[in-house]
A.B. asks: 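For reference, the structure I am asking about is given below.
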There are 2 protein chains.
Amino acid sequence: MKTKECKIPEATIKRLSTYINCLERLQVENHPVISSELLGEYCQVSPAQIRKDLSYFGEFGVRGVGYDTKKLEAEIKEILGLNNNWPTCVVGVGKLGLALLNFALFRKHGFSITAAFDSDPAKVGTELSAGITIQPTTEIEQTVTGKKILIGIITTPADAAQKVAEQLVAGGIQGLLNFAPTKVKVPEEITLRNVSITSELDNLAYLMTQKRRRS
Amino acid sequence: MKTKECKIPEATIKRLSTYINCLERLQVENHPVISSELLGEYCQVSPAQIRKDLSYFGEFGVRGVGYDTKKLEAEIKEILGLNNNWPTCVVGVGKLGLALLNFALFRKHGFSITAAFDSDPAKVGTELSAGITIQPTTEIEQTVTGKKILIGIITTPADAAQKVAEQLVAGGIQGLLNFAPTKVKVPEEITLRNVSITSELDNLAYLMTQKRRRS
DNA sequence: CCATCAATGTGATAACTCTCACAGAGTTGT
DNA sequence: ACAACTCTGTGAGAGTTATCACATTGATGG
């Protein structure tokens, strides 16, 4: 795989993720090869867009035929780095934290949950799965450092998010995924993604309201 | 509020949502007025971007001064339509469904949970909150129609999502928010947002891998 | 009441992303 | 072996989004 440049649109990365989903389904449905036309229909992206997206990373298809479903899936996984195994921790084992703590899912996307933290004393000590016991948030820094954890997932309430982020950074974290409904601020060198579920709600509210206003 | 045109970038809508978050925080921190400069610093958006975003919808600031924090928040809520009260149902009361079923939160964003469904017979009959009891998925269509539910939230596993979507549509749903890790297909006239949490994981994996490869 | 100042609102411009159309490459049938 | 055909990969162009720079407006102080 040759990464030509590093000027890949973020939208492309997002789509690659959906391509994988479709490719998995296509394999189950017994399509060994697939054209950009049909794949586009499956994942609701234009064929040209798919070809362009893939072309950023190399040539994966066979002209006159299409793409080998299995091989393309493997290639995209390689591109996205889903074959890695990043030591990861989760902070905030509330409802959302628990929902996300689907270990198999994380594993499939390259993350290996190695620790979990919560500030609620009642939760501390609970064993979530083999070897993972909820620790108090006071132990974040030392545990992250000690276990060489590289990724942190924040699922705390909004008001705790920034402090937690700082503790994780102090422990030497390299990447953060923040589900709390506030943006957190971290040093330049930390890879950060703020995921705002409420903004999705807002977006739907907006679209619905627009629709109503038009009529 | 005068909506000049309907050519508003989706990114703008997304940012409006984050502006609200920041404005709420700013009020707590006792800032009655705020400049685009400072607001930009708070929510990590350029000042020019903020002004441009707002300019799509009207003029909300005072030159030489800035924006009235409270008033601007109210304006944005009005723009996004968060003052509505859409009758809403949730399908799939698993971990993620439960996590999202924070009634207060939904209410705050303009949705009113009116029904919940699950295919698991063990869950059917459970009372989630005053008046909301989990119903079997076989009752989706008739309940949606009967209660005039307009919004559906899908938090089922991937393989059930499309069928559920179709049942909701058959019942007369107008908007869908799909959290299942598959895109669903619905008729043109239905407002649909696919929210892919796994694609956020993939995105982080990609960014981290990039970083590692560079070094 | 006028001058000064600060921050908005916005047209012009730059950057980015998507779409189109087709040349090129590989496959299949004769 | 060649012709006909299919679908990819991609440069060029269209469209969209973000940035910049500044004219404009209202507040403030002397």
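A, B, ... follow the sequence lines: proteins, then strands. Residue 1 opens every chain.
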A.B. asks: In whole Å, what is the span from the CD1 atom of B:Ile13 to the C1' atom of D:dT17?
C.D. replies: 14 Å
A.B. asks: Can we say A:Lys70 and A:Glu75 salt-bridge, meaning some charged N sits less than 4.0 Å from an Asp/Glu carboxylate O?
C.D. replies: no
A.B. asks: Let me know the distance between CZ of B:Phe57 and C1' of C:dG9, rounded to the nearest Å.
C.D. replies: 15 Å
A.B. asks: Please check this pair: side chain of A:Asn84 against backbone of A:Trp86, looking for a donor-acceptor N/O pair closer than 3.5 Å.
C.D. replies: no
A.B. asks: Whole angstroms only, please: what is the NZ-C1' distance between B:Lys71 and C:dT8?
C.D. replies: 13 Å
A.B. asks: Any salt bridge between B:Glu10 and B:Arg15, counting N to O under 4.0 Å?
C.D. replies: no
A.B. asks: Does B:Ser36 have a side-chain nitrogen or oxygen under 4.0 Å from the phosphate oxygens OP1 or OP2 of C:dA7?
C.D. replies: no
A.B. asks: How many Å lie between CG on A:Asp68 and P on D:dC7, as a whole number?
C.D. replies: 16 Å
A.B. asks: How many angstroms lie between CD1 in A:Ile153 and OG1 in A:Thr155, if you round to the nearest 0.5 Å?
C.D. replies: 8.0 Å
A.B. asks: Between atom OH in A:Tyr19 and atom P in D:dT8, what is the gap in whole Å?
C.D. replies: 12 Å
A.B. asks: When the distance from CD of A:Glu59 to P of D:dC7 is rounded to whole Å, what number comes out?
C.D. replies: 18 Å
A.B. asks: Could you state the CD-C1' distance from B:Glu37 to D:dA21, rounded to the nearest angstrom?
C.D. replies: 15 Å
A.B. asks: With rounding to the nearest 0.5 Å, note down the distance linking CG in A:Asn203 to CG in B:Leu80.
C.D. replies: 8.0 Å
A.B. asks: Roughly, in whole Å, what's the span from CD1 in A:Ile50 to P in D:dG9?
C.D. replies: 12 Å
A.B. asks: Polar atom pairs between nucleotides 23-27 of chain C and protein, under 3.5 Å, N or O only, would you list them?
C.D. replies:
unit_1	atom_1	unit_2	atom_2	d
C:dG24	N3	A:Arg63	NH1	3.2

A.B. asks: What is the distance from atom OG of B:Ser112 to atom CD1 of B:Ile151, rounded to the nearest 0.5 Å?
C.D. replies: 11.0 Å
A.B. asks: Is any NZ, NE, NH1 or NH2 atom of the basic residue among A:Glu41 and B:Lys185 found under 4.0 Å from an Asp or Glu carboxylate oxygen of the other?
C.D. replies: no
A.B. asks: Please check: side-chain N/O of B:Thr12 versus main-chain N/O of B:Ile8, any donor-acceptor pairing under 3.5 Å?
C.D. replies: no
A.B. asks: All N/O contacts under 3.5 Å from nucleotides 14-20 of chain C to the protein, with atom names and distances to one decimal?
C.D. replies:
unit_1	atom_1	unit_2	atom_2	d
C:dC18	OP1	A:Arg15	NH1	2.9
C:dC18	OP2	A:Arg15	NH2	3.0
C:dC18	O5'	A:Gln49	OE1	3.4
C:dT19	OP2	A:Ser46	OG	3.4
C:dT19	OP2	A:Gln49	OE1	3.2

A.B. asks: Between the main-chain N or O of A:Gly66 and the side-chain N or O of A:Ser36, is there a donor-acceptor pair closer than 3.5 Å?
C.D. replies: no
